[in-house]
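In what follows, chains carry the letters A, B, and so on, assigned in the order in which the sequence lines appear, proteins first and then strands, with residues in each chain numbered from 1.
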Amino acid sequence: MIEATRARQQSAPVPNGDVRWLRTGLWIALLLLSTTLFIYGIATVLHVHAQLARSVRTVGRVVAIEPSSDGETNVCVFAFEVDGTTRTFRNGWGSNPSACRIGEPVEIAYVPEAPDTYVRLAFFETHTRKILFAILPGLCGALFALGGLFGGWLLRKRHPHLYPDAPA
Amino acid sequence: MIAFLFLLVSLALFGGALRALFATHRMLRSAVRTTGRIRAFVETRDSDGDKVMHALIDFEADGEHRTIETGGMRAHPVGAIVPVVYVPGDPSQDEPLPDIHVYTWPACFLCIALAGIVCSLGTLFEASLFRFFFPALY
């Protein structure tokens, strides 16, 4: 009787066993991917910290503004000099209008023992991109995966009066 | 200037997400579960002008007949019995039984807001941060 009432009360399509396992597998895959992305983001931030800790600062200049690969935006080209050798590099991101002016000074940190290891000394370059494109998506993906895996358990535990059985 | 605006938006998002998280928790704590019947599907347009199908669900609460209009019910046929929740004495909180991601969305927005706050503060105070964390550079 109770079972019949419950079935009548909630006629939502209930996933069968195979679909449930497939769903669990997808959530686990998303969790693994997201965790990997998150750890990668943290690792790149730690890497740049380690790099900055043994770097010295110099001042370079914007020497050119070039169209990006998609042709929609412009990227800045920077140049700086170490031991008489000029090194140039492009910004990793573009903007329209351009975010820099030719001749504008920029701070650059490079490792004296390995001058080819350098980074523009700007929070956007050293942290923001890693946070926005690796750490944050990884964190949100992991949250969704955890929600998919344990959301039902959490709801049953916190609100047993609403979820007497597993929520869909 | 952009970083400052970004900080303001992130702070607003953080406040909104935190509020939504607590409001959801409060609502679920005091909500009552009952059942409703899908009366019909109506086609409406969202803010982008795209067509969306909404279900009209009839149910009884507080001794009166009520209807909620909601999306995400396409898997059910007209006439299906679906679980709904309501807060006694507050018809504005009527809604279908929330799914397993009811806490995930505000939690994600909290993370996005936190990331925005960190990034904008980092940009606003980047010189001081670099001096503090990497004094050898200076």
Pairwise side-chain contact, B:P98 with A:Y163, heavy-atom cut-off 4.5 Å (strictly under): yes
Nearest non-hydrogen partners of B:I100 and A:L155, listed with the distance: CA-CD1, 3.8 Å
Side chain, backbone, both or neither of A:R54 within contact of chain B (heavy atoms, under 4.5 Å): neither
Most chain A-contacting option - heavy-atom pairs closer than 4.5 Å, from B:H101, B:E126, B:R37: B:H101
More than 12 heavy atoms from other groups under 6.0 Å of CD1 on B:I2: no
Part of B:V102 within contact of chain A (heavy atom distance under 4.5 Å): side chain
Inter-chain contacts: residues 133-141 of chain A against chain B, heavy atoms under 4.5 Å: A:L136, A:L139, A:C140
Spatial distance of atom CZ (B:F133) from atom OG1 (A:T126) [nearest 0.5 Å]: 11.0 Å
Linked hydrophobic residues, B:L56 as query - side chain contacts closer than 4.5 Å: B:V42
Toward chain B: residues of residues 33-50 of chain A with heavy atoms under 4.5 Å: A:H49
Hphob cluster co-occupancy, B:F4 + B:L129, side-chain heavy atoms under 4.5 angstrom: no
Closest contact, heavy atoms only, A:F123 versus B:V118: CE2-O, 3.9 Å
hydrophobic_cluster_shared for B:V87 and B:F22, side chain cutoff 4.5 Å: yes
Enclosure of B:F41 CZ (heavy-atom neighbours >12, cutoff 6.0 Å): yes
Hydrophobic cluster membership, A:Y110 vs B:F134, 4.5 Å side-chain cutoff: no
CZ (B:R39) with more than 12 external heavy atoms under 6.0 Å: yes
Per-residue contact mode, B:Y138 against chain A (heavy atom under 4.5 angstrom): both
Part of B:L114 within contact of chain A (heavy atom distance under 4.5 Å): neither
Results of disulfide (SG to SG under 2.5 Å) for A:C100 - residues two or more places apart only: A:C76
Max heavy-atom pair count under 4.5 Å with chain B, selected residue of A:R158, A:H127, A:R57: A:R57
Single-linkage hydrophobic cluster, 4.5 Å side-chain cutoff, A:V77 and A:L121 together: no
Winner by heavy-atom pair count (cut-off under 4.5 Å) against chain B, out of A:L143, A:L146, A:L154: A:L143
Crowding at CG, A:D83 (>12 non-hydrogen neighbours, <6.0 Å): no
From B:H25 atom NE2 to A:H159 atom NE2, the distance as rounded to the nearest 0.5 Å: 5.0 Å
Main-chain N/O of B:R33 paired with A:H161 side-chain donor or acceptor, under 3.5 Å: no
A:F80 with A:V62, same ILVMFWY side-chain cluster at under 4.5 Å: yes
Largest heavy-atom contact set with chain A, pairs under 4.5 Å, which of B:T34, B:L137, B:T104: B:L137
Other residues, nucleotides, ligands: >12 heavy atoms within 6.0 Å of B:W105 CH2: no
